[in-house]
Asker: 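Here you go, one structure.
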There are 2 protein chains.
Amino acid sequence: MARATIDDVAALAGVSMKTVSRVVNKEPNVRATTREKVESAIAELDYRPSQSARSLAANRSYVLGLLYDNPSASYVIDVQSGALASCRRLGYDLLIHPCSHESASIIEEVLSLVRQNRVDGLILTPPLSDMVELVHQLVEAKVPVVRLSPTEDKKICPYVQTNDQQAAYEMTCRLLDLGHTRIGFIAGHPDHKAVVQRFLGYKQALDDRAIALDPALVEQGYNSFDSGSECAERLLALADAPTAIFAGNDDMAAGAIIAAHHRGISMPAELSIAGFDDTPVAHQIYPSLTTVRQPISDMSERAVELLLRSIDGKPKGAEASMDCCILERESTGKAPSV
Amino acid sequence: MARATIDDVAALAGVSMKTVSRVVNKEPNVRATTREKVESAIAELDYRPSQSARSLAANRSYVLGLLYDNPSASYVIDVQSGALASCRRLGYDLLIHPCSHESASIIEEVLSLVRQNRVDGLILTPPLSDMVELVHQLVEAKVPVVRLSPTEDKKICPYVQTNDQQAAYEMTCRLLDLGHTRIGFIAGHPDHKAVVQRFLGYKQALDDRAIALDPALVEQGYNSFDSGSECAERLLALADAPTAIFAGNDDMAAGAIIAAHHRGISMPAELSIAGFDDTPVAHQIYPSLTTVRQPISDMSERAVELLLRSIDGKPKGAEASMDCCILERESTGKAPSV
DNA sequence: AAACAAACTGACAGCGCTGTCATCTCAATT
DNA sequence: AATTGAGATGACAGCGCTGTCAGTTTGTTT
């Protein structure tokens with residue numbers, strides 16, 4: 001027995017195909033009694049609309065694309081789960097599309113997704129969302145896009161951001177309050193705008209407390225565990241080593257903790273370490289990591305809502321800001337000499 | 001300027017629509033010169049076939065579904081990346097579908113995906129792949145399925161597995177070779193068949209070396225970091241505590257390491273710990289974790305190939321087995337008294 | 001050179017929906 | 001009772017492809 005089509009339902013309910021379509025799509029202007037007839041016919045035949053047929057007829061795929069190029073599994077999973085939550089609620093599917101932001105053909109690759117009618121819109125996550133050229137080309141091609149990034153060009157497309165700079169500022173202040181004056185910073189990947197903002201927060205806090213930024217205390221990392229470990233190595237080898245290290249993300253902070261372990265430094269007694277992101281590793285290491293939690297899945301959930309609004313032609317320029325919160329764990333404590 | 005359709009290409013190339021379709025789908029029986037004409041017309045018009053139109057006409061979505069219910073981000077990401085690699089190569093898209101294996105309506109939910117023509121086939125990962133009822137219903141509904149699980153019913157549908165039992169056996173032997181005789185085991189979630197097999201490997205190794213299995217040394221965990229930490233707590237509180245702990249997965253092993261840290265036990269000098277999976281945390285903790293690496297993304301890559309073969313009506317009952325390898329890191333060493 | 005098979009190509013009818021627009025219904029108004 | 005118009009419904013033409021099958025060309029055989 002073949003699957004029921006919209007015609008079967010229409011015949012059984014004694015209405016036209018179009019009315020069934022109205023009911024299925026929750027369109028207005030259907031009499032309540034008619035709606036019920038149709039609904040019971042749908043139930044009786046166990047009818048499910050064919051996704052491909054509606055896509056073709058309506059000229060939209062009911063699929064959103066999630067683009068990312070991020071080595072952190074937990075970040076990606078969080079983004080996915082938020083986006084999926086919205087998608088399910090709103091009747092959309094989600095196509096995940098990891099890709100390399102360094103690939104020369106990335107713009108072509110992404111446009112191709114849209115040109116084939118595979119997706120109705122795109123969510124860009126860092127660092128892709130920070131690629132000006134990519135965003136511009138997509139906007140120009142009239143592809144609905146939402147960015148998960150802080151932004152200056154507020155008008156160009158909807159976006160969702162967190163106040164990374166503010167959170168990093170607060171974290172730095174906490175370390176200062178604990179008596180640390182020499183606080184090392186392991187900076188994240190320069191292409192990743194949100195991570196760069198964390199450095200600005202650190203700088204600003206030092207500035208506000210009238211502590212000169214010692215360039216020797218700032219190391220350039222690349223978001224990875226290994227880079228964090230190498231940077232910490234250098235910081236700890238300094239004659240006048242820092243008593244606290246603030247890393248631009250948790251992976252690098254975890255690397256710093258390992259480097260300290262290997263030097264036999266006890267934490268937090270001799271050294272405090274703070275991270276950013278609250279990835280799972282943050283509470284799986286010893287000592288557990290003081291860090292900043294971002295509402296990643298809330299952000300992507302919101303991003304999908306903005307994206308659908310944009311697809312449905314609602315006002316552009318929508319935006320959303322969300323707050324981070326600091327999680328104090330075992331890895332931070334009073335400065336040694338205090 | 002609207003997007004080019006297959007008719008535009010046909011007109012420009014001076015052939016019929018159908019011939020363009022043949023070229024696009026790489027069907028045989030097209031003369032080389034014709035193919036070239038068509039290809040250059042495609043290039044000139046920058047033509048991309050509409051996914052929805054081909055889905056409707058061909059009655060397949062060119063999308064596969066990946067079902068999972070696994071709290072480990074790194075596992076999920078690995079599975080995704082392998083599956084995506086195959087999908088891209090073979091012209092398919094991948095729909096990710098996290099779901100709860102404890103949900104009462106899961107079968108309904110999954111069947112609905114297929115009934116709507118959203119996916120042409122499904123990849124089931126543990127623990128969903130171990131749900132006999134679910135698998136049976138899908139097979140009965142003639143849904144192409146591949147399981148990422150060890151299996152007894154070899155005939156029922158294609159599957160890809162690893163030799164978890166063998167790897168756990170070997171790991172246990174290594175610990176025995178290091179002089180450990182009291183080896184604790186933290187068992188994984190009983191619903192997760194592959195993890196259960198690891199326990200069998202442990203038992204078998206003890207058996208082969210004529211060491212009686214002490215039930216006090218076996219704790220029941222649930223795959224999570226916290227459960228591992230609690231189990232280790234109990235093992236280490238034993239009057240006659242083990243000198244080594246083998247956990248059914250890395251998260252639990254990481255929990256065990258933290259528990260040991262909190263007791264001030266030094267590893268590996270006083271206690272060896274081994275895990276299974278080689279998740280990122282394995283080399284981000286201190287001491288870094290001796291574990292077993294599974295070719296997860298290779299497995300899911302292979303699974304997609306088997307699935308497409310099954311969709312295309314090729315011989316059923318296909319299977320694939322892949323090997324694990326042991327990674328010796330800092331967390332294991334000689335037994336203390338040796 | 002005729003006969004035949006194999007390779008190649010095209011005409012056409014849908015696939016199962018949605019958008020458009022015309023039509024119909026019926027309560028509210030005059 | 002006639003008029004009106006918003007609300008409710010339906011007829012119909014595609015959306016852009018693929019499958020089927022018939023027709024045409026080419027190469028091979030005797």
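In what follows, chains are A, B, ... by sequence order, proteins preceding strands, each numbered from 1.
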Asker: Any base atoms under 4.0 Å from B:Asp7, or only sugar-phosphate, or nothing? Heavy atoms, all strands.
Answerer: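 Touches nothing.
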Asker: Determine to 10° how strongly the helix from C:dA1-D:dT30 to C:dT30-D:dA1 is bent, judged from the axes of its five-pair ends.
Answerer: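 Angle reported: 30°, given to the nearest ten degrees.
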Asker: Say whether, by atom type as modelled, one donor and one acceptor occur between the side chain of B:Arg60 and the main chain of B:Asp120 under 3.5 angstrom.
Answerer: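 Checked: no pair found.
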Asker: Any side-chain donor-acceptor pair under 3.5 Å between A:Asp78 and A:Ser297?
Answerer: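 Looking only at side-chain atoms, A:Ser297 and A:Asp78 do not form any donor-acceptor pair under 3.5 Å.
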Asker: Just checking, is any N or O donor in the side chain of A:Arg115 or A:Ser112 under 3.5 Å from an acceptor N or O on the other one?
Answerer: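 There is no such pair (donor and acceptor under 3.5 Å, judged by atom type) between the side chains of A:Arg115 and A:Ser112.
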Asker: Measure the shortest side-chain to side-chain distance between B:Pro126 and B:Tyr75 over non-hydrogen atoms and say whether it is less than 4.5 angstrom.
Answerer: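 Yes, side chains in contact.
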Asker: Taking the side chain as every heavy atom from C-beta outward, state whether B:Ile106 and B:Met131 have any pair of such atoms under 4.5 Å apart.
Answerer: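 Answer yes - side chains close enough.
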Asker: Considering only heavy atoms of chain A and a distance under 4.0 Å, specify the first and last nucleotide of DNA chain D in 5' to 3' order that meet this criterion.
Answerer: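 Both ends considered, the range comes out as D:dA8 to D:dG16.
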Asker: Quick one: label B:Thr34 by what it contacts on the DNA or RNA (base, sugar-phosphate, nothing), any heavy atom closer than 4.0 Å.
Answerer: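 Touches sugar-phosphate only.
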Asker: Could I get the full list of ring pair (Phe, Tyr, Trp, His ring centres under 6.0 Å) partners for A:Tyr68, not counting sequence neighbours?
Answerer: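 Counting only residues at least two positions away or on another chain, A:Tyr68 forms no ring pair (Phe, Tyr, Trp, His ring centres under 6.0 Å).
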Asker: How about A:Tyr62 and B:Arg118: does a side-chain donor come under 3.5 Å of a side-chain acceptor?
Answerer: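 Looking only at side-chain atoms, B:Arg118 and A:Tyr62 do not form any donor-acceptor pair under 3.5 Å.
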Asker: Classify the nucleic acid contact of B:Val15 as base, sugar-phosphate or nothing, counting any heavy atom under 4.0 Å across all strands shown.
Answerer: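 Sugar-phosphate, no base atom in range.
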Asker: Of B:Arg31 and B:Asn59, whose nearest nucleotide on DNA chain C comes first from the 5' end?
Answerer: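 The residue whose closest nucleotide sits nearer the 5' end is B:Arg31.
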Asker: To the nearest Å, give me how far apart CG (B:Asn29) and C1' (C:dA6) are.
Answerer: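 The distance from CG of B:Asn29 to C1' of C:dA6 comes to 9 Å, rounded to the nearest Å.
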Asker: Would you kindly compare B:Ala57 and B:Arg22 by the position of their nearest DNA chain C nucleotide and give the one closer to the 5′ end?
Answerer: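 Nearer the 5' end of the strand: B:Arg22.
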Asker: Is the phosphate of C:dA11, meaning OP1 or OP2, less than 4.0 Å from a side-chain N or O of B:Ser16?
Answerer: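 False: B:Ser16 side-chain N/O out of range (4.0 Å or more) of C:dA11 OP1/OP2.
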Asker: Base, sugar-phosphate, or nothing for A:Pro49, non-hydrogen atoms under 4.0 angstrom?
Answerer: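 Sugar-phosphate: the residue A:Pro49, judged by heavy atoms under 4.0 Å, touches backbone atoms but no base.
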Asker: State, with a plain yes or no, whether a side-chain heavy atom of A:Ser310 is found less than 4.5 Å away from one of A:Val146.
Answerer: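 The answer is no, as the side chains (C-beta and beyond) never meet within the 4.5 Å cut-off.
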Asker: Would you say the side-chain atoms of B:Ser52 and A:Ser55 include a donor-acceptor pair closer than 3.5 Å?
Answerer: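 Note: B:Ser52 and A:Ser55 side chains miss the donor-acceptor criterion.
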